[in-house]
Every structure is written in C-alpha cells, then in structure tokens.
Asker: 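This is the structure I have questions about; it appears just below.
Treat the numbers as computed from the prediction; the structure is a model and nothing was measured. Just so you know, ligand 1 is whichever comes first in the structure, and atom 1 is the first atom listed for that ligand.
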Amino acid sequence: MPTVLITGANRGIGLEFARQYAADGWHVIAVSRTPLAPKDFAQLGYDLTELRYDAMDDASAAALATRLKGRPIDVVILNAGVGGDPDVAPEDLTAADWETTMLTNTFAPLHLAALLEPNLRAGEHKVLAAVSSLAASMELYQVPRQFAYRASKAALNQMLRNLSVDWKDWGCICLPLRPGRVKTRMTEFAGDLTATDSVAGMRQVIARATPAMSGVHYGYDGQIVAW
Ligand SMILES: NC(=O)c1ccc[n+]([C@@H]2O[C@H](COP(=O)([O-])OP(=O)(O)OC[C@H]3O[C@@H](n4cnc5c(N)ncnc54)[C@H](OP(=O)(O)O)[C@@H]3O)[C@@H](O)[C@H]2O)c1
C-alpha cells in the first residue's frame, strides 16, 4: 500500500486529498496544526496516521521528521498555506504580514521537504508536490495587490524547480500544482471548483508524473501553467 503525507490535512484542499487517497486504499499521514474534526477522522478510516505540524514553528517540523524517521513515503503534498489579506495596498504592507505569508507558503514547505528527503528517497513513487497557485504566474495573472501571496507562491515554484535540479539524481519528481479557484475557507467558499474536482485533477497529474514533468508548474486540468 503506498503512503502519502499531506500538510494542512484538516480542512479544505488538504482534507480532500486525504479523503481521496484514503478511499483509494493509500496509507495517509494527515499532518495538521489543528486536529481533524472527529467526523472527518472517522470518515478517513482508522488506517491513518494523524500528526501535528505548525508551519510557523521549526521545532514542530523537526519533531515531525523525527517521528517519521525510517518510514518510506511515496508522495508528499505540501498544501498548508495562508492567503493573508488580499486587498492590502503597498503602502500598508507590514514586514510582519509579509513574514507570516513567506514563512508559511515558501520557507516552511522547503524546510519540511528537506527534512523528509530520506523518507521520499525510500519511497517508490518519489513525488514531492506543492499546492501553488495561478497567482504565482507573472504571465497569466494580472490583478491588483495580493503582493505577499503572489510573491510567496512564485517563490514556492522557484524552490520546487530548484529541488527538481538538486534531487534529479535520485529520481525525485517535484511538482508545483495549481488547484484552480476552489470553494474553501481561503476563498470564503467562492470559486468555480469544488475541492473534490480540483483534487481529483491534481491527483491525476501526480499519478502520471514522470521525470520530464519535474520542476514544471501543472494545473489541476493537466495543463502547464506559464511562469
Ligand atoms: N482555494 C483556492 O482557490 C486556492 C487557490 C490557489 C491555491 N490555493 C492553495 O491551496 C492550499 C490549501 O488552501 P485551501 O484553499 O484548502 O484553504 P484553507 O481551507 O484555508 O486551508 C488552509 C490550510 O492550511 C493550514 N495552515 C495555515 N497555516 C498553517 C500553519 N502555520 N501550520 C500548519 N498549517 C497551516 C490550515 O490549517 P489550520 O486549520 O490550522 O489553520 C489549513 O489546513 C494553500 O496553500 C492555498 O494557498 C488555494
């Protein structure tokens, strides 16, 4: 049975990844800052490992990696993220807001990926996916503001591309994934996609991932997203 680790697995897109992989018989390591609600926990079945992780806390990432030491993981999905306030004008941006967004969306995924490298190496699939965003695209996405969020996701893509070069020798496939605009708490449940459809699409991309796809930003629809 393959194993998948998902961060931010307690709600939204992360919870839906956990549901779909569990339904397909994968062993799910559901990682979250906030515990899963009892009804979701029950729905996922009991062949599940549930662990705490706060992206803003390096010690919690280290403790997670220690807990998982020696355990092969086939697919890691770095999903936890924050949107911040999308409407802040440039003159009102604070270093504190910027720091939270960049630490959560960019540094924490890179740090956790590095800590879980031995687990991924020991896994069979060797896929490192990160939930990115169309907002990362300089070519395709032209909206006002969202400064910190857009910078954080563009930097996340760059990190995944870097890792695709650094980890090519052992066959790791690094995939930044665009989920589309999904009805979750982050979008105040606006959007044109359900988490079910978005995740089904991203799982298909992960399932057909090849080394040639590594370091390329793919959408839930299987299309390449321009940088
Ligand atoms: N929804 C969309 O349309 C959309 C579009 C593009 C990209 N995305 C990306 O998709 C990912 C999932 O978002 P979502 O739409 O499912 O939103 P969501 O419902 O707001 O979920 C966000 C998840 O991230 C977790 N998280 C936030 N800060 C964390 C921290 N410091 N440590 C650990 N976990 C933390 C949250 O945990 P808590 O419950 O503990 O806060 C929650 O599980 C994000 O990376 C987001 O940027 C979403």
Side-chain angles (χ1 to χ4, degrees), residues 5-20 28-37 40-41 44 50-65 76-86 96-113 115-116 128-137 140-141 143 146-157 159-160 175-203 205-206 217-221 225:
L5 179 145
I6 303 150
T7 66
N10 59 308
R11 61 184 164 101
I13 291 171
L15 176 60
E16 186 57 29
F17 267 119
R19 276 200 190 113
Q20 292 192 19
V28 174
I29 304 175
V31 172
S32 59
R33 172 174 60 181
T34 306
L36 290 168
D40 296 323
F41 192 75
L44 286 165
E50 204 219 352
L51 297 172
R52 294 284 76 74
Y53 162 69
D54 183 343
M56 291 291 287
D57 176 7
D58 289 357
S60 109
L64 178 68
V76 169
I77 302 177
L78 304 166
N79 162 77
V82 287
D85 180 347
D97 293 339
W98 193 269
E99 190 177 62
T100 303
T101 307
M102 293 300 283
L103 282 178
T104 308
N105 294 358
T106 308
F107 173 73
L110 176 66
H111 184 220
L112 187 59
L115 287 168
L116 296 178
L128 173 69
V131 182
S132 183
S133 175
L134 183 67
S137 174
L140 299 178
Y141 196 71
V143 297
Q146 299 189 5
F147 291 95
Y149 184 71
R150 294 199 60 185
S152 73
K153 291 295 187 182
L156 174 68
N157 286 357
M159 295 305 98
L160 269 277
L175 289 176
L177 295 172
R178 169 201 170 208
R181 189 162 164 76
V182 187
K183 297 176 176 105
T184 64
R185 202 188 295 176
M186 188 174 283
T187 57
E188 296 175 336
F189 299 94
D192 37 29
L193 282 170
T194 60
T196 311
D197 291 340
S198 166
V199 167
M202 289 190 282
R203 287 182 66 232
V205 177
I206 291 170
H217 188 187
Y218 278 89
Y220 68 95
D221 53 4
V225 184

Asker: Strictly under 4.0 Å, does any heavy atom of A135 approach an atom of ligand 1?
Answerer: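 No, that is not the case, since the closest heavy atom of the residue is not under 4.0 Å from the ligand.
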Asker: Can you tell me if S32 contacts ligand 1 (heavy atom of the residue under 4.0 Å from the ligand)?
Answerer: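 No heavy atom of S32 comes that close to ligand 1.
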Asker: Within the structure provided, determine whether L128 and L78 are in side-chain contact (heavy-atom separation under 4.5 Å).
Answerer: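 L128 reaches L78 side chain to side chain.
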Asker: Please indicate whether any nitrogen or oxygen in G14 is less than 3.5 Å from any nitrogen or oxygen in ligand 1.
Answerer: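 By distance alone, the answer is no.
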Asker: Given G180, S133, A108, identify the one with the heavy atom nearest to atom 5 (C) of ligand 1.
Answerer: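 Closest candidate by heavy-atom distance is G180.
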Asker: Just distances here: any N/O of I13 and N/O of ligand 1 closer than 3.5 Å?
Answerer: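 Yes, at least one N or O pair falls under 3.5 Å.
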Asker: How far is atom 25 (C) of ligand 1 from its nearest protein heavy atom, and which residue and atom name does that atom have?
Answerer: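 Going by distance alone, atom 25 (C) of ligand 1 is nearest to A80 CB, 3.9 Å.
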Asker: Any nitrogen or oxygen of A9 lying under 3.5 Å from a nitrogen or oxygen in ligand 1? Just yes or no.
Answerer: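 It does not: no N or O of A9 is found under 3.5 Å from an N or O of ligand 1.
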Asker: Counting heavy atoms only, which part of T34 comes closer than 4.0 Å to ligand 1: side chain, backbone, both or neither?
Answerer: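 Both backbone and side chain.
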Asker: Can you tell me which residue and heavy atom of the protein come closest to atom 1 (N) of ligand 1, and the distance to 0.1 Å?
Answerer: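 For this ligand atom, the closest protein heavy atom is T184 OG1, 3.1 Å.
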Asker: Would you please determine whether K153 falls within less than 4.0 Å of ligand 1 on a heavy-atom basis?
Answerer: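 It does, in that a heavy atom of K153 comes within the 4.0 Å cut-off of ligand 1.
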Asker: Of all the non-hydrogen atoms in the protein, which one sits nearest to atom 20 (O) of ligand 1, and at what distance?
Answerer: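 Ranking protein heavy atoms by distance from atom 20 (O) of ligand 1, first comes R11 NH1, 2.8 Å.
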